[in-house]
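Right, one structure below, let's go through it.
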Amino acid sequence: MRLEKCWFCSSTVYPGHGIQFVRNDAKIFRFCRSKCHKNFKMKRNPRKVKWTKAYRRLRGKDMTQDSTFEFERKRNRPERYDRNLTENTLKAIKKIDKVRIIREERHHEKRMKGKKAKENREAVKELEQSISLVKAPTALQQDPSLTLPIKVKVLQQQPEKTVAMMEE
């Protein structure tokens, strides 16, 4: 049983599934679903379509270089069946999958490393800027326990002198 890769999105195409397109120069294109086939016919570039593997790899969202990818490569050389070799290969595949999963998780954690701190900074900044929408400024002045633990600037009423100067 041979598992092919979709030409457009790089997902697995199982036997009996998908669409196969053969160009005039005998180049074979395999697609996992009609969505990929239609995008190919519209001459879209997989590197510019956000849901494809090519896009994710190009933008650094998926791992691109790893030794575990070496085992996924297609080999056309026939091998003589050997029960021990098959057994060892299946064991190795399981180990390689575990290693790949661990490395992908590490890659994801490294990508998301500063995101939580950034979100917290943005939330604090937004609260500082619009605390008056949450509580009235007079209520904040009367009861200091309503304020955030962070220094919040509360806009006060301008004295009459400055208002008169602005009118002139």
Side-chain angles (χ1 to χ4, degrees), residues 1-135 148-150 152-153:
M1 177 170 81
R2 176 168 280 179
L3 304 179
E4 304 288 345
K5 291 284 182 190
C6 175
W7 184 88
F8 196 79
C9 70
S10 304
S11 65
T12 308
V13 181
Y14 291 94
H17 292 261
I19 301 163
Q20 186 170 337
F21 173 72
V22 182
R23 206 165 49 189
N24 287 340
D25 64 350
K27 171 95 171 87
I28 298 172
F29 299 93
R30 289 183 177 83
F31 304 103
C32 58
R33 52 189 181 264
S34 61
K35 178 181 181 181
C36 297
H37 188 226
K38 288 174 184 174
N39 278 291
F40 174 79
K41 287 194 292 188
M42 287 190 278
K43 297 185 177 180
R44 288 199 175 142
N45 188 346
R47 288 173 287 183
K48 293 183 180 177
V49 181
K50 291 190 176 186
W51 51 269
T52 62
K53 277 273 199 207
Y55 177 90
R56 293 186 60 78
R57 285 187 175 150
L58 188 67
R59 301 296 189 279
K61 299 186 183 299
D62 277 348
M63 289 192 310
T64 54
Q65 294 178 347
D66 193 30
S67 59
T68 57
F69 294 137
E70 190 69 34
F71 295 101
E72 274 188 23
R73 291 223 174 114
K74 185 174 165 183
R75 293 168 187 86
N76 288 323
R77 189 178 67 230
E79 290 286 331
R80 177 171 266 199
Y81 176 74
D82 181 15
R83 187 176 188 153
N84 292 332
L85 178 67
T86 306
E87 189 177 312
N88 292 338
T89 305
L90 292 174
K91 286 180 185 176
I93 288 172
K94 290 177 185 175
K95 288 180 185 177
I96 291 166
D97 281 342
K98 287 179 185 176
V99 169
R100 181 181 298 126
I101 289 169
I102 291 168
R103 289 180 181 174
E104 284 177 357
E105 287 172 357
R106 196 177 316 136
H107 175 76
H108 182 73
E109 287 172 7
K110 193 190 293 185
R111 270 187 51 232
M112 298 296 160
K113 190 176 179 182
K115 189 168 182 170
K116 196 153 208 125
K118 183 180 176 187
E119 286 177 352
N120 287 340
R121 283 194 304 267
E122 289 174 357
V124 167
K125 185 177 178 182
E126 187 176 347
L127 277 174
E128 284 176 352
Q129 290 175 348
S130 57
I131 190 70
S132 61
L133 297 174
V134 180
K135 291 287 180 184
L148 294 171
I150 306 150
V152 179
K153 295 179 182 177

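This is a predicted model, so every value here is computed, not measured.
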Applying salt bridge (Lys or Arg N to Asp or Glu O under 4.0 Å) to Asp82 and not counting sequence neighbours gives none
Sorted by chain and number, sequence neighbours left out, salt bridge (Lys or Arg N to Asp or Glu O under 4.0 Å) with Lys91 holds for Glu87
Enter the distance from [X]:[atom1] to [Y]:[atom2] here, rounded to the nearest 0.5 Å.
X: Lys61; Y: Lys50; atom1: NZ; atom2: NZ; result: 8.5 Å
X: Thr89; Y: Asn84; atom1: OG1; atom2: CG; result: 10.0 Å
X: Ile96; Y: Ile101; atom1: CD1; atom2: CD1; result: 12.0 Å
X: Phe40; Y: Phe31; atom1: CZ; atom2: CZ; result: 4.5 Å
X: Trp7; Y: Asn39; atom1: CH2; atom2: CG; result: 10.5 Å
X: Lys98; Y: Ile102; atom1: NZ; atom2: CD1; result: 8.5 Å

Decide, yes or no, whether a salt bridge links Arg23 with Asp25 under the criterion of side-chain N to carboxylate O below 4.0 Å.
yes
Cationic N near anionic O, under 4.0 Å, Arg100 to Asp97: yes
ask   = Would a 4.5 Å heavy-atom cut-off, applied to side chains only, mark Lys35 and Trp51 as touching?
value = yes
Contact between Tyr14 and Leu3 at the side-chain level, heavy atoms closer than 4.5 Å - yes or no?
yes
- Short question: side chain of Ser10, backbone of Lys53 - any donor-acceptor pair under 3.5 Å? no
For Glu122, is the CD atom crowded, meaning more than 12 foreign heavy atoms sit under 6.0 Å from it? yes
Just wondering, are more than 12 heavy atoms of other shown residues or ligands nearer than 6.0 Å to NZ in Lys118? no
ring-ring contact (aromatic ring centres under 6.0 Å, His included) filter on Tyr55, not counting sequence neighbours, yields none
Closest non-hydrogen contact found for Lys5 with Val13 is C-CG2, 4.1 Å
After noting the C-alpha distance and the side-chain angles of Arg44 and Phe8, does the key distance pass the side chain to side chain contact (heavy atoms under 4.5 Å, CB included) rule?
-> CA-CA 9 Å; Arg44 288 199 175 142; Phe8 196 79; 4.2 Å; yes
Which of Glu4, Arg30, His37 passes side-chain contact (heavy atoms from CB on, under 4.5 Å) with Gln20? It is Arg30
